[in-house]
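Chain letters run A, B, ... following the sequence lines, proteins first and then strands; every chain starts at 1.
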4 protein chains.
Amino acid sequence: MPEQDSILEGLFQEEERLTEKQKKIIMAAIESFSEKGYAATSTSEIAKKAGVAEGTIFRHYKTKKDLLMGIVSPMMAKLIAPFVIKDLYKVINHKYEHFEDFLRAMMENRIAFLKNNMPLIRILIQEIPFHPELKEQFKEHIAIKVFERFVNLAEYYQKKGQIIDIPAYSVVRMTFTSIFGFLIARYLILPEADWDDEKEIELTIQFIMHGLSAKD
Amino acid sequence: MPEQDSILEGLFQEEERLTEKQKKIIMAAIESFSEKGYAATSTSEIAKKAGVAEGTIFRHYKTKKDLLMGIVSPMMAKLIAPFVIKDLYKVINHKYEHFEDFLRAMMENRIAFLKNNMPLIRILIQEIPFHPELKEQFKEHIAIKVFERFVNLAEYYQKKGQIIDIPAYSVVRMTFTSIFGFLIARYLILPEADWDDEKEIELTIQFIMHGLSAKD
Amino acid sequence: MPEQDSILEGLFQEEERLTEKQKKIIMAAIESFSEKGYAATSTSEIAKKAGVAEGTIFRHYKTKKDLLMGIVSPMMAKLIAPFVIKDLYKVINHKYEHFEDFLRAMMENRIAFLKNNMPLIRILIQEIPFHPELKEQFKEHIAIKVFERFVNLAEYYQKKGQIIDIPAYSVVRMTFTSIFGFLIARYLILPEADWDDEKEIELTIQFIMHGLSAKD
Amino acid sequence: MPEQDSILEGLFQEEERLTEKQKKIIMAAIESFSEKGYAATSTSEIAKKAGVAEGTIFRHYKTKKDLLMGIVSPMMAKLIAPFVIKDLYKVINHKYEHFEDFLRAMMENRIAFLKNNMPLIRILIQEIPFHPELKEQFKEHIAIKVFERFVNLAEYYQKKGQIIDIPAYSVVRMTFTSIFGFLIARYLILPEADWDDEKEIELTIQFIMHGLSAKD
DNA sequence: TATGAATGAGATTTCATTCAT
DNA sequence: AATGAATGAAATCTCATTCAT
């Protein structure tokens, strides 16, 4: 499924006008921002890593912050939302009759997404607290659009009698929480531990299913 | 319950040798680090906010990084672990016969803790990714000591037949995830939304209880 | 004789990539280091004297110490040794049949060298005691290479029966001592006294010749 | 012979009002100044080494420079001159009939002096170029008083026909040069090499004697 | 488009000195 | 006399940004 492609490659394909050097700059910036954080990364460091003169960075991005935004914004704007929407259509088109199937599909999809875009996601997570614009964008794209659609989805499965009858946004919160809790523990906090992914995913799904099951 | 006291006050009481100025420096640093992040906060800014000469900071902390560690280390070393241990003793002393009661007590306790120490916790969460020493300390104090004790606890309730029979560390992970997922959504991501705390807590507890319940 | 050229000019010619500003920085640094010593010279002072922004210094030299080394190292590495070697070849090619002629030539040569490079030599003499790396370099370049060659030379004149038969390194030590003793007194300790250079040089040569003469 | 006692001990005995702490400060300062130079030594470093509070240094010495002078001045003023004068009287009282005996006695005396006061002498040599006041004191005490007396002495041995008839100050310069050249090579430049002191001293004396001998 | 030298504002750090206790 | 916290000026160094080539 090409939809799990890396954001970066997608970005490079879409924007064909990008120079070789520009791509290198972006890749170097992602690497450094991800490892040390935006504020602790110097442009000279990025230039060195990209094999480019310092001035070259500023040909393409007026400021260092521009560079950050140039990396993070398209990610949120063009790439996260569409992904989710595609998934949603599948569900809405009755591809996933049961909430459990949807859960399983979503977890697989998100894990693939995470694996292919770890550095970018790190940056997003790490920098959001410090940049109000990012927080704003995040709220707009994720919290509103994505969350809203998932709430609809939850209501859909509630109506089908598969999920307990509590406020739909609480359903979404607890589902998200369990899935991302696993992903964060798995890929960010303890990536070096040896995980039995299959089993943990299954346990997590069962946990959510039991937690939200209507038959009680 | 004095055990929910703020870390900061605890720190100031324990270390009696702290000057008035030193306390001001710490408070100013916490405020700024929390808001803008360590790397984006200048020592001159901290000095100004603390009403102190810049040199004074460096009398007490050899480097800026020392200041960060001076704030974060005692938090992890002296204050998180003990808190948890106290709770554990209560449980072990049969104060909480049912897992559900323990969950409820722990959530209340952690919420109080979070409320009293938000800026400090923000710093911890935000800076851990960028400082290997912090990551190390975190793993040592939290991941090892705390996690281990909770695993024992999970096994205790499993033996009593209150929790489903899956690996105990998965139980702990999913419980943590659900609780901290709520806390993070509530206090870090959407603190300005209006939450019905009582209800959300109850929902979360029910979610976990159903998710892990043995009677199935 | 172009071999008595100034070290500085040699440096500037060899390293063609040096910017105009870089040269000014070097010149300013030499002047200040020579007058007040490395430790007592501030980089802002050097920048001002060089008509350059302070940051410019650190573009070219990572640290202040680097600047010192950038000035002193090439002096020892590239310029002292060659000088001496040239002189030695002359002697070995029988240009100087008599030790006395060699002495006279060497004193003239060294005096010219000193006159053209006083500030640099001051720096070298003044800073060596405080910088182990410099001491090491000095030993390597001067004490080993140069001294060794002079010992050979002494043995050469001893075999010709012109010099008394004592350990060759003692011959070299006493010769050096007498020559540099004069140079130091003349140019460093009492440069403002009025010296009859011709006469003093002649007296010094006679002193050495008598002191080391084999005919006794 | 108690006259070769260490300057430091002499200083501590003479000035009885010196506190224990003061002595420690002086000793610490001498050690640091000698190793790293005055400008590169911080007062806090001295305080730490002396086991004293920073403020204590400034109780006794108004400024850091005062401390340097407090160490170096008495050395020149009270201790070098007297030494020399005593020696001179001995000579004038016909204790040393021959220049050679005088030379030998002087070298022994100076070697003992050097050994007992190395750090102090290092400071003197290293700091003189950077402090005009020191240079002035040095000229006054050494160059004028001492040098002058030695010139008289040289003339004395010239009249006795033991020394060649050249300007007396040249005699003194060359003698000094040869002796201090040895001492500097021996104790400052290559202290770790293994020297046959007896032999080198004898060679040096012979060198000077031949170099200045009147019988030619 | 790309370079990289240069900048200057500002960040971190040092340090001699003062002063209340 | 002694302390050591506090200072603030200055030192070293960093870094985003500009600009001539």
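- A donor-acceptor contact shorter than 3.5 Å links the side chain of D/Lys64 to the backbone of D/Thr41.
- Atom CG of C/Leu188 and atom CE of C/Met118 lie 6.0 Å apart (nearest 0.5 Å).
- Taking C/Glu127 as the reference, nothing meets the salt bridge (Lys or Arg N to Asp or Glu O under 4.0 Å) condition, with sequence neighbours excluded.
- Counting heavy-atom neighbours within 6.0 Å of D/Lys139 NZ, excluding the residue itself, gives a total above 12.
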Fill in the blank from the handout: Output field dot_bracket for DNA chain E (Watson-Crick or G-U, both distances under 3.5 Å, | for other-strand pairs) contains .||||||||||||||||||||
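- In this structure, A/His60 atom NE2 and E/dT1 atom P are separated by 6 Å, rounded to whole Å.
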Practice task
I would like to know whether C/Tyr61 and C/Ile26 meet side-chain contact (heavy atoms from CB on, under 4.5 Å); could you show each step before the answer?
Solution key: CA-CA 11 Å; C/Tyr61 303 92; C/Ile26 291 174; 3.5 Å; yes
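- The footprint of chain C on DNA chain F, defined by a heavy-atom cutoff below 4.0 Å, extends from F/dA11 to F/dT14.
- Between the side chains of B/Thr43 and B/Glu54, at least one donor N or O sits under 3.5 Å from an acceptor N or O.
- For the atom pair CD1 (C/Ile128) and CZ (C/Phe130), the distance works out to 11.5 Å, reported to the nearest 0.5 Å.
- Listed by chain and residue number, B/Lys36 satisfy the salt bridge (Lys or Arg N to Asp or Glu O under 4.0 Å) test with B/Glu45 (two or more places apart in sequence, or in another chain).
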Every protein N/O lying under 3.5 Å from an N/O of nucleotides 12-15 of chain E:
unit_1 : atom_1 : unit_2  : atom_2 : d
E/dT12 : OP1    : B/Lys64 : NZ     : 2.8
E/dT12 : OP2    : B/Thr43 : N      : 2.5
E/dT12 : OP2    : B/Thr43 : OG1    : 2.9
E/dT13 : OP2    : B/Lys64 : N      : 2.9

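- Note: CD1 (B/Ile46) to P (E/dA11) measures 11 Å, nearest angstrom.
- The closest side-chain donor-acceptor pair between A/His131 and A/Lys65 falls under 3.5 angstrom.
- In this structure, CD1 of D/Ile57 is placed 9 Å from P of E/dA16, rounded to the nearest angstrom.
- Scored by the side-chain hydrogen bond (donor to acceptor under 3.5 Å, both in side chains) test, C/Lys62 finds no partners at all (sequence neighbours excluded).
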